[in-house]
Each structure stands twice: as structure tokens, then as C-alpha cells.
Amino acid sequence: AGVASVFSVVNTAWLRPLPNEWENRLVRVMGIDPQRFVTWPVPLEVARAVRSGIGDQADIAAFDESSVQIRIADRAFRAYRTAIDEALLRVLRVRPSSGRAPTLAEYESDAPIVLVGEDVWRRELGENAFREGLVVEVDGVRREVIGVMPADFRFHSRASFWIPLPHEIESVSLVAEIGSHRSRYDIESLGNSALASGGTDGVRAGEWEISIRDVRFRGKNYLSTSLAQGFFIVSALLLLAAALTAGSLLQARTLSRQRGHATALALGASRSTLVRESMAEHTILAVSAAVVGIALTSLAVQALESVLPRDL
């Protein structure tokens with residue numbers, strides 16, 4: 001248990017820093033439809049009304065994710081693609097690790113371009129360094145690869161291809177970065193006021209509402225909530241069993257040395273000396289176990305991440 005605690009502190013504070021203030025301002029804008037069901041995505045008309053009502057109080061981005069047919073050279077397969085607007089990369093504060101991001105004109109014209117994931121770039125395209133001119137076919141549309149996304153970038157779920165948001169899209173999912181002087185309640189109130197007043201084609205006054213929720217795709221590599229909870233429960237049980245076993249072994253060792261301690265006392269040793277010796281032995285054992293445990297756990301985590309499916 002001690003080793004796990006030490007590793008958790010090191011892993012959280014050093015290897016994987018805690019979310020910063022920006023991440024705390026990143027939210028999902030959920031819709032509440034006329035039947036009072038919470039939905040994500042929302043109709044495009046609702047998204048436009050919310051954006052208009054909120055104005056510059058939050059930076060709102062839209063995206064759409066779906067499964068598409070991919071063709072690279074002679075190989076065809078299905079994969080997830082995310083269609084994004086010009087605000088999404090800015091809101092998520094991410095840029096391609098190689099190549100470039102789409103321009104505003106490319107977003108507005110729905111240009112035939114695509115950003116690909118690092119795994120696709122190396123595994124499917126067989127490339128190491130970025131070069132222009134490569135083409136990927138996405139649902140029958142030939143698109144030029146203009147950039148490669150960072151290897152540790154995971155957005156929402158499993159997409160490895162990112163294209164400009166098509167004009168004919170009917171519904172979108174919304175994420176937003178709330179301004180530093182605004183609260184979630186402020187943004188929710190502004191959006192709902194806009195929807196309650198109507199004034200947008202296709203949206204009746206008071207028919208839709210919005211609800212601000214946490215973003216569940218913070219960080220780099222992530223697991224679903226239920227799977228993470230399962231791992232935590234199993235790990236906690238294993239650590240409890242290991243701690244009980246170690247405690248029993250140390251207690252047995254202490255009992256086996258009672259005769260030696262009695263002899264040492266008879267020869268003039270003080271109780272404080274015996275206590276210091278015992279504490280020194282346990283400290284050395286604990287520190288050694290912590291160092292080895294941290295090293296092995298770090299290696300095991302890296303190995304596990306390398307073999308887990310990308311869409312887990």
C-alpha cells in the first residue's frame with residue numbers, strides 16, 4: 001500500500017500533472033430536447049442559437065464524429081473521423097506535431113484536406129518525417145494530408161482522422177472554454193435565454209435548453225469510467241492482500257527473534273537500541289520496496305499503454 005501511495009504521488013505530480021485552470025474551464029454543452037432527454041450532439045440550429053446567445057463569454061467549438069470508409073493506396077478499412085470547425089483545435093489547445101493546421105478559408109470552403117493521427121501516419125502510410133502530397137480517401141473523397149496530430153492526443157473517443165466540418169451537417173456536439181470571469185451557471189443562463197427567446201430559424205422559443213457538463217476526455221490516454229473503476233477495485237484488493245501478507249511476515253520475523261532480543265537485553269543492550277535497530281531494518285526494507293515498486297510499475301504502465309488498443 002505504501003509503494004502504491006508513493007507511486008500515485010509521483011505519477012500525479014511529475015509524470016502526469018494535474019489539470020490546470022484551463023482544463024477546469026473546459027465543458028460540454030449538452031442539449032435538453034422537447035422530450036426532456038439530455039442529448040449530445042444537438043441540432044445545428046440549436047448550436048447556432050446557443051453560440052449567438054453566449055457571444056464572447058465562452059469560446060464554443062463544434063464537431064461531429066462518425067465511422068467512415070478509409071482507403072489508403074490499395075488498402076480499405078473503416079475508422080472513426082472527427083469533423084471539426086475552426087474553433088476546436090484552439091479550444092483544446094492542440095496543434096499538429098508535423099505539417100500545419102487548416103486555414104480559416106479551408107474550414108469555410110470544406111476543403112478536401114485531412115489531419116491524421118500519429119499511428120496512421122507511421123503504420124498505414126509508412127512514413128517517419130512529414131511530407132506533402134500524400135492523399136487519403138475518406139468516404140470516397142480524396143483528401144490531402146496536411147498535418148499529423150500529436151501521438152498522445154486523444155479527443156472524445158477513437159478518431160484518427162480530422163476533416164473540416166461539412167456544410168451539410170445536421171447536428172453537432174459542442175465543447176466550450178468558459179471565460180475566466182464567467183461561471184458555468186452564467187454560460188448556461190445565457191444559452192437558455194437565447195433559446196427561450198427564439199429568433200433562430202428551426203428553433204421554437206423555449207423548445208430546447210442546454211446543460212453544462214464536465215468534459216470527460218481530459219488528459220492524454222484515457223480509459224472509460226467503468227473500466228477505470230474496475231481497475232481501481234482490482235488494484236485495491238491486490239494491494240490489500242499484499243499488505244496483509246507483508247505484515248504477517250514481518251510479525252512472524254519479529255516473534256522468531258524474541259529469544260535473540262532477550263539474550264541481548266541480558267547482555268546489557270538497552271530497549272531503545274533494539275527499537276532503533278528494528279526501525280532501521282523496516283525503513284531500509286520499505287524504501288527499497290518503494291524504489292523497486294515505482295520503477296516496475298512505471299515500466300508496466302508504459303508496456304500496458306503500448307499494447308492496449310487505441311479505441312479502448
Side-chain angles (χ1 to χ4, degrees), residues 22 26 28-29 40-52 54-56 58-73 76-177 215 217:
W22 159 75
L26 201 61
R28 293 183 296 169
V29 182
W40 200 54
V42 299
L44 188 59
E45 295 79 9
V46 173
R48 288 172 177 167
V50 171
R51 269 182 160 166
S52 175
I54 292 176
D56 60 357
D59 196 358
I60 300 181
F63 70 95
D64 171 71
E65 185 177 87
S66 66
S67 175
V68 295
Q69 184 73 16
I70 302 293
R71 180 175 291 277
I72 299 177
F77 57 95
R78 295 200 68 81
Y80 280 88
R81 73 97 178 100
T82 299
I84 61 176
D85 70 357
E86 71 280 0
L88 188 69
L89 298 185
R90 179 178 69 246
V91 168
L92 297 179
R93 300 191 181 183
V94 63
R95 293 190 59 81
S97 57
S98 302
R100 64 176 179 85
T103 64
L104 181 59
E106 287 172 330
Y107 280 117
E108 292 177 345
S109 63
D110 189 12
I113 56 175
V114 62
L115 298 169
V116 300
E118 180 80 13
D119 59 333
V120 171
W121 182 253
R122 297 188 183 278
R123 186 182 67 245
E124 304 295 345
L125 295 172
E127 299 289 336
N128 291 318
F130 178 78
R131 64 182 178 89
E132 297 180 351
L134 293 178
V135 174
V136 172
E137 191 174 296
V138 181
D139 259 359
V141 178
R142 290 174 58 83
R143 295 180 177 272
E144 179 186 358
V145 179
I146 64 169
V148 181
M149 298 300 285
D152 56 9
F153 175 62
R154 299 288 180 85
F155 173 64
H156 187 221
S157 60
R158 299 161 287 185
S160 296
F161 301 86
W162 295 267
I163 66 173
L165 194 66
H167 295 155
E168 65 274 10
I169 204 76
E170 296 183 354
S171 60
V172 293
S173 299
L174 299 177
V175 293
E177 179 186 353
V215 170
F217 38 86

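Note that these values count all heavy atoms, side chains included, but never hydrogens, waters or copies made by symmetry. Please read all numbers here as calculations on a predicted model, not as lab measurements.
Residues Ala83 and Pro164 approach most closely at CB-O, 4.0 Å, considering heavy atoms. Residues Ile60 and Arg51 approach most closely at O-NH2, 2.9 Å, considering heavy atoms. Scanning all heavy atoms of the two residues, the minimum distance from Asp85 to Ala62 falls at OD2-N, 3.0 Å.
The existence of a salt bridge linking Glu177 and Arg90 is excluded, since no basic side-chain nitrogen approaches an acidic carboxylate oxygen closer than 4.0 Å.
Every side chain to side chain contact (heavy atoms under 4.5 Å, CB included) that Ala47 has, sequence neighbours left out, goes to Val42, Val172, Leu174. Remark: Ser171 pairs with no residue by the side chain to side chain donor-acceptor pair (under 3.5 Å) rule, at least two apart or across chains. Arg143 meets the side chain to side chain donor-acceptor pair (under 3.5 Å) test with no other residue; sequence neighbours excluded. Remark: Ser66 pairs with Arg81 by the side chain to side chain donor-acceptor pair (under 3.5 Å) rule, at least two apart or across chains. Contacts of Val94 classified as side chain to side chain contact (heavy atoms under 4.5 Å, CB included), with partners at least two apart in sequence or in another chain: Leu89, Leu92, Met149, Pro150, Phe153.
Under the 3.5 Å distance criterion, the side-chain polar atoms of Asp139 are matched with a main-chain donor or acceptor of Gln69.
One finds the CD atom of Glu132 at 6.5 Å from the CD atom of Glu144 (value rounded to the nearest 0.5 Å). To the nearest 0.5 angstrom, Trp162 atom CH2 is 10.5 Å from Leu88 atom CG.
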Practice task
Could you walk me through whether Glu86 and Leu104 pass the side chain to side chain contact (heavy atoms under 4.5 Å, CB included) test, one step at a time?
Solution key: CA-CA 6 Å; Glu86 71 280 0; Leu104 181 59; 4.0 Å; yes
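The aromatic rings of Trp40 and Phe63 lie perpendicular to each other, with more than 60° between the two planes, well past the 30° mark.
With contacts defined as side-chain heavy-atom distances shorter than 4.5 Å, the pair Val136/Ile70 qualifies. Considering only heavy atoms from C-beta on, Leu26 comes within 4.5 Å of Val91 through its side chain. The shortest distance between side-chain heavy atoms of Ile146 and Pro102 falls below 4.5 Å. Residues Pro41 and Asp64 have side chains not in contact (no heavy-atom distance under 4.5 Å, counting atoms from C-beta outward).
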Could you pull out every donor-acceptor pair under 3.5 Å between side chains of residues 105-117 and any protein atom, sequence neighbours left out?
| unit_1 | atom_1 | unit_2 | atom_2 | d |
| --- | --- | --- | --- | --- |
| Glu106 | OE1 | Arg100 | NH1 | 3.0 |
| Glu106 | OE1 | Thr103 | N | 2.8 |
| Glu106 | OE1 | Thr103 | OG1 | 3.4 |
| Glu106 | OE2 | Arg100 | NH2 | 2.8 |
| Ser109 | OG | Ala105 | O | 2.8 |

